[in-house]
Amino acid sequence: MNAPSPNAWEEAYLRFETPKEEQRKFLRRLRKLGAESWPKDAEVTELFCGRGNGLHALQQLGFTRLEGVDLSPALLTHYQGPAQCVVADGRQLPFPDAARDVMIVQGGLHHLPSLPEDLERVMSEVRRVLRPGGRFMVVEPWRTPFLQFVHWVGSFHAARRAWAKLDALERMTELEQTTYEQWLREPELILRVLENGFAVERKFIGWAKLMWVGRKI
Ligand SMILES: C[S@@+](CC[C@H](N)C(=O)[O-])C[C@H]1O[C@@H](n2cnc3c(N)ncnc32)[C@H](O)[C@@H]1O
């Protein structure tokens, strides 16, 4: 059977970074957020995992019980590795209660169509599926001067023509504009919903990202 074709947004995402670049980026984030000290036999689920390079990075850190969830069958077909991957919606997870030690989202929550309702649905599912004391790691775009600078540079056609990665980023942003802008407009609301029921373990806001780990209370 042929793999499903990517849509326009997926096509831009696939050309934004190479798999190796993505894996290096995910490794840096996981290390910064303390993942090297998490038990390596933890059951880890990456939500909104896309083509699964976050799962490869977790594997490189020594995690062995890995699982990925994404809504896109076309992106999941790019993943070749030991993790179990399922096509599912982060707002309605096909897992039992208190069944995972770590859950991760990188760059997925800003795709949710309705705020705060959809974020509350994801958080309610994450709280349900995590064991007590389980960790939730989130990395998402955040409005910072650096992010505004990048989009300002991206508003020049010449810059996009000269730099393929910038062009892919701007194309993704155009195609997800409504949810992306809605996400960037509501930092206090988002942190309130995210931190409900979690004790914050790590939290950094810098460059263009929120990087956060909470432990389920
Ligand atoms: C920006 S990509 C991030 C992928 C990966 N985490 C990364 O950083 O490369 C967003 C992903 O979220 C997925 N997605 C969007 N809405 C979703 C939902 N409601 N449930 C699960 N996945 C979803 C998309 O298919 C896409 O793979």
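The figures that follow rest on heavy atoms only: side chains count, while hydrogens, waters and symmetry mates do not. Atoms within each ligand, like the ligands themselves, are counted from 1 in listed order.
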Margin query: Whether E17 and K165 form a salt bridge (side-chain N of Lys/Arg under 4.0 Å from carboxylate O of Asp/Glu) is what I want to check.
Written below: yes
Next item on the list: Check whether NZ of the Lys or CZ of the Arg K32 lies under 6.0 Å from the centre of the six-membered ring of F204 and within 45 degrees of that ring's axis.
Entry: yes
Notebook entry, point to check: Does the side chain of W38 come within less than 4.5 Å of F63's, by heavy atoms?
Noted result: yes
Item checked: Closest approach of any protein heavy atom to atom 9 (O) of ligand 1, naming residue and atom -> Y13 OH, 2.8 Å
Notebook entry, point to check: If hydrogens are left out, which of L93, D89, V139, T179 has an atom nearest to atom 19 (N) of ligand 1, that is, the closest non-hydrogen atom?
Noted result: D89
Note to self: Using a 4.0 Å cutoff against the non-hydrogen atoms of G107, which atoms of ligand 1 qualify?
What the structure shows: 1 (C), 2 (S), 3 (C), 10 (C)
Notebook entry, point to check: Can you check whether E43 reaches E67 side chain to side chain, under 4.5 Å on heavy atoms?
Noted result: no
Margin query: Quiz question: by atom type and distance under 3.5 Å, do the side chains of Q106 and R29 form a donor-acceptor pair?
Written below: yes
Margin query: Considering non-hydrogen atoms of the protein only, which is the closest contact for atom 2 (S) of ligand 1, and what is the distance?
Written below: W9 CH2, 3.3 Å
Check: Looking at atom 20 (N) of ligand 1, what's its closest protein heavy atom, distance included?
Finding: G90 N, 2.9 Å
Item checked: E117 and S114 side chains, donor-acceptor separation under 3.5 Å -> yes
Next item on the list: List the steps and the verdict of side chain to side chain contact (heavy atoms under 4.5 Å, CB included) for E125 and F95.
Entry: CA-CA 9 Å; E125 282 295 81; F95 306 130; over 6 Å; no
Checklist line | ligand 1 atoms in contact with G50 (distance to a heavy atom under 4.0 Å) | finding: 4 (C), 27 (O)
Notebook entry, point to check: Of the choices L55, D70, I104, L75, which has the non-hydrogen atom that lies closest to atom 25 (O) of ligand 1?
Noted result: D70
Notebook entry, point to check: Under 3.5 Å, N or O to N or O, is Q106 touching ligand 1 that way?
Noted result: yes
Next item on the list: Within a distance under 4.0 Å of any heavy atom of E22, pick out the atoms of ligand 1 and give their elements.
Entry: 9 (O)
Note to self: Looking at ligand 1, is there an atom of it that comes within less than 4.0 Å of some heavy atom belonging to G54?
What the structure shows: no
Check: Is any side-chain heavy atom of L14 closer than 4.5 Å to a side-chain heavy atom of H78?
Finding: yes
Next item on the list: Look at atom 22 (N) of ligand 1 and say which protein heavy atom is nearest, naming residue and atom and giving the distance to 0.1 Å.
Entry: L71 N, 3.2 Å
Next item on the list: Return the option from P141, G108, A88 holding the heavy atom at the smallest distance from atom 21 (C) of ligand 1.
Entry: A88
Notebook entry, point to check: Nearest heavy atom to atom 14 (N) of ligand 1: which of Y180, F48, F26 does it belong to?
Noted result: F48
Check: Should V44 and R65 be marked as a side chain to side chain contact (heavy atoms under 4.5 Å, CB included) after you check the CA-CA gap, both sets of side-chain angles, and the distance that decides it?
Finding: CA-CA 6 Å; V44 182; R65 301 165 82 189; over 6 Å; no
